[in-house]
Amino acid sequence: MKLNIFKDADEAIVAIADYFIAVANEAIQQNGRFNVSLSGGSSPKKLFELLASDALKNKIAWEKVYFFFGDERYVAHDHPDSNYLMAYKALFAPLSISESQIFKVDTGLDPASAALSYEKCISQHFKDEPVFDLILLGLGDDAHTASLFPGTSVLWIDEELVKDVYLQDKAVYRISMTAPLINKAKNIAFLTFGNAKADAIKSVLEGEKDIAKYPAQLINPVNGDLQWFIDEAAASKLK
Ligand SMILES: O=C(O)[C@H](O)[C@@H](O)[C@H](O)[C@H](O)COP(=O)(O)O
């Protein structure tokens with residue numbers, strides 16, 4: 001695991017953008033395509049916008065990139081909370097990415113069917129082992145990642161690749177990749193910044209091993225590489 005600490009969020013975003021480009025080009029060179037899973041929430045928005053900017057958009061052969069989502073809110077794709085919609089506005093539309101390269105969660109199905117359908121979609125795309133070249137992750141203030149939330153049963157799954165997750169406190173569903181799927185990836189990268197994340201970062205990286213309380217501790221690639229891209233504010237409580 002490599003912990004990269006930057007002065008501020010912008011520096012962390014520039015660094016992870018360069019990392020994204022390097023991993024993408026290596027995958028395209030080796031296998032002719034780059035399979036990436038995007039994180040949701042607000043942290044990655046500026047990363048997506050930077051990748052789609054005039055400065056960087058020509059660094060990757062985007063027609064060879066296939067986009068998946070580490071998790072999705074159980075809402076329509078045009079709902080303001082949709083992770084797909086955020087990525088569409090910040091990355092897919094500016095780069096004119098073909099819909100055939102984007103694998104959305106079918107939130108028109110019931111939650112369990114949406115999870116099953118997404119798992120089938122992933123399995124069909126990879127034919128054999130679903131090994132992503134890169135999985136981007138964020139970290140919640142409560143140390144969740146993707147939609148692996150504290151105290152949810154999805155944390156203990158060792159078979160399924162994708163699962164529906166009911167969040168009791170918010171009375172909403174999420175559809176999430178599971179830890180077994182995420183940990184198969186060749187590269188996993190967290191992008192996390194801001195003071196609000198300092199306690200969660202400390203718990204995950206230096207706290208007692210407690211998956212139920214700190215689900216991001218589940219993330220431990222079987223054969224791949226794990227990197228954190230964080231700013232000094234998020235790192236402020238680390239030893
Ligand atoms: O759908 C989501 O919300 C994410 O996948 C989630 O795991 C996110 O990465 C964290 O909650 C951090 O969210 P912020 O980046 O908004 O702080």
Side-chain angles (χ1 to χ4, degrees), residues 6 8-10 12-13 16-17 20 36-51 67-91 102-105 107 111 114-115 118 122 132 134-152 154-155 161-167 169-179 181-183 185 188-205 211 213-219 226-231 233-236:
F6 299 91
D8 56 29
D10 286 344
I13 289 164
I16 198 171
F20 183 105
V36 60
S37 172
L38 303 180
S39 54
S42 57
S43 297
K45 185 168 181 291
K46 285 177 80 174
L47 166 61
F48 299 164
E49 290 168 344
L50 178 59
L51 288 168
F67 298 92
F68 293 77
F69 293 87
D71 70 323
E72 183 56 281
R73 287 82 182 278
Y74 185 63
V75 294
H77 294 137
D78 61 359
H79 188 285
D81 289 350
S82 164
N83 286 334
Y84 161 77
L85 183 63
M86 186 275 278
Y88 176 80
K89 289 179 179 173
L91 189 64
I102 304 165
F103 296 86
K104 298 185 285 244
V105 176
T107 52
Y118 204 53
I122 291 169
F132 282 88
L134 175 60
I135 294 186
L136 293 176
L137 294 173
L139 184 72
D141 303 1
D142 60 357
H144 82 261
T145 189
S147 284
L148 307 175
F149 280 82
T152 55
V154 66
L155 304 183
L161 304 180
V162 183
K163 200 78 180 116
D164 53 304
V165 184
Y166 183 64
L167 304 182
D169 56 337
K170 301 181 174 81
V172 296
Y173 276 97
R174 295 279 190 98
I175 309 298
S176 183
M177 288 186 181
T178 61
L181 173 55
I182 294 169
N183 286 332
I188 302 171
F190 280 89
L191 172 63
T192 300
F193 47 81
N195 286 312
K197 308 291 183 173
D199 287 328
I201 290 261
K202 175 150 185 76
S203 302
V204 170
L205 297 182
I211 301 294
K213 276 168 73 178
Y214 315 126
Q217 288 181 345
L218 277 167
I219 305 309
L226 171 61
Q227 298 213 28
W228 288 76
F229 292 79
I230 71 175
D231 67 350
S236 58

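Counting convention: from 1, in listed order, for ligands and their atoms alike. The shown structure was predicted, so the numbers you read here are calculated from the model rather than taken from an experiment.
His77 is listed as a side-chain neighbour of Lys104, based on a closest heavy-atom distance under 4.5 Å. Annotation: side chain of Leu161 is not in contact with side chain of Met177 (no heavy-atom distance under 4.5 Å).
Less than 4.0 angstrom separates some heavy atom of Lys197 from each of these atoms of ligand 1: 12 (C), 14 (P), 17 (O). Close approach of ligand 1 to Arg174 is summarised as follows: ligand atoms under 4.0 Å from at least one heavy atom of the residue are 1 (O), 2 (C), 3 (O). Contact atoms of ligand 1 toward Asn83: 1 (O), 2 (C) (distance under 4.0 Å to a heavy atom of the residue). Atom numbering of ligand 1 starts at 1 in the shown order; those under 4.0 Å from a heavy atom of Gly41 are 1 (O), 2 (C), 3 (O), 4 (C), 16 (O).
Summary of contacts: the protein heavy atom closest to atom 12 (C) of ligand 1 is Leu139 O, 3.4 Å. For atom 3 (O) of ligand 1, the closest heavy atom belonging to the protein is Arg73 NH2, 2.8 Å. Distance from atom 11 (O) of ligand 1 to its nearest protein heavy atom, with residue and atom name: His144 NE2, 2.7 Å. Counting protein heavy atoms only, atom 8 (C) of ligand 1 is closest to Gly40 O, 4.0 Å. Nearest non-hydrogen protein atom to atom 9 (O) of ligand 1 is Gly138 CA, 3.3 Å.
Of all heavy-atom pairs spanning Pro215 and Asp142, the tightest one is CD-O, 4.3 Å.
Taking the six-membered ring for Trp and thresholds of 30 and 60 degrees, Phe68 and Phe103 have nearly parallel ring planes, at less than 30 degrees apart. Below 30°, between 30° and 60°, or above 60°: for His144 and Phe149 the angle between ring planes is below 30°, a parallel geometry.
Summarising the local packing, NZ of Lys45 is surrounded by 12 or fewer heavy atoms from other residues, nucleotides or ligands at distances under 6.0 Å.
For the side chain to side chain contact (heavy atoms under 4.5 Å, CB included) with Trp228, the qualifying choice from Ile219, Leu205, Leu137 is Leu205, the only one to do so.
At a 3.5 angstrom cut-off on N or O pairs, Ser42 counts as close to ligand 1. For a threshold of 3.5 Å applied to N or O pairs, the pair formed by Ser43 and ligand 1 contains at least one separation below that value. At least one N or O atom of Asp71 sits closer than 3.5 Å to an N or O atom of ligand 1.
In this structure, Ser82 contributes its side chain and Asp78 its backbone to no donor-acceptor pair below 3.5 Å.
Assignment of Glu72 to the shell around ligand 1 is not supported, since no heavy atom sits closer than 4.0 Å. At least one heavy atom of Ala146 sits under 4.0 Å from some atom of ligand 1.
Lys46 and Asp10 are joined by a salt bridge, as a carboxylate oxygen and a charged side-chain nitrogen come within less than 4.0 angstrom of each other.
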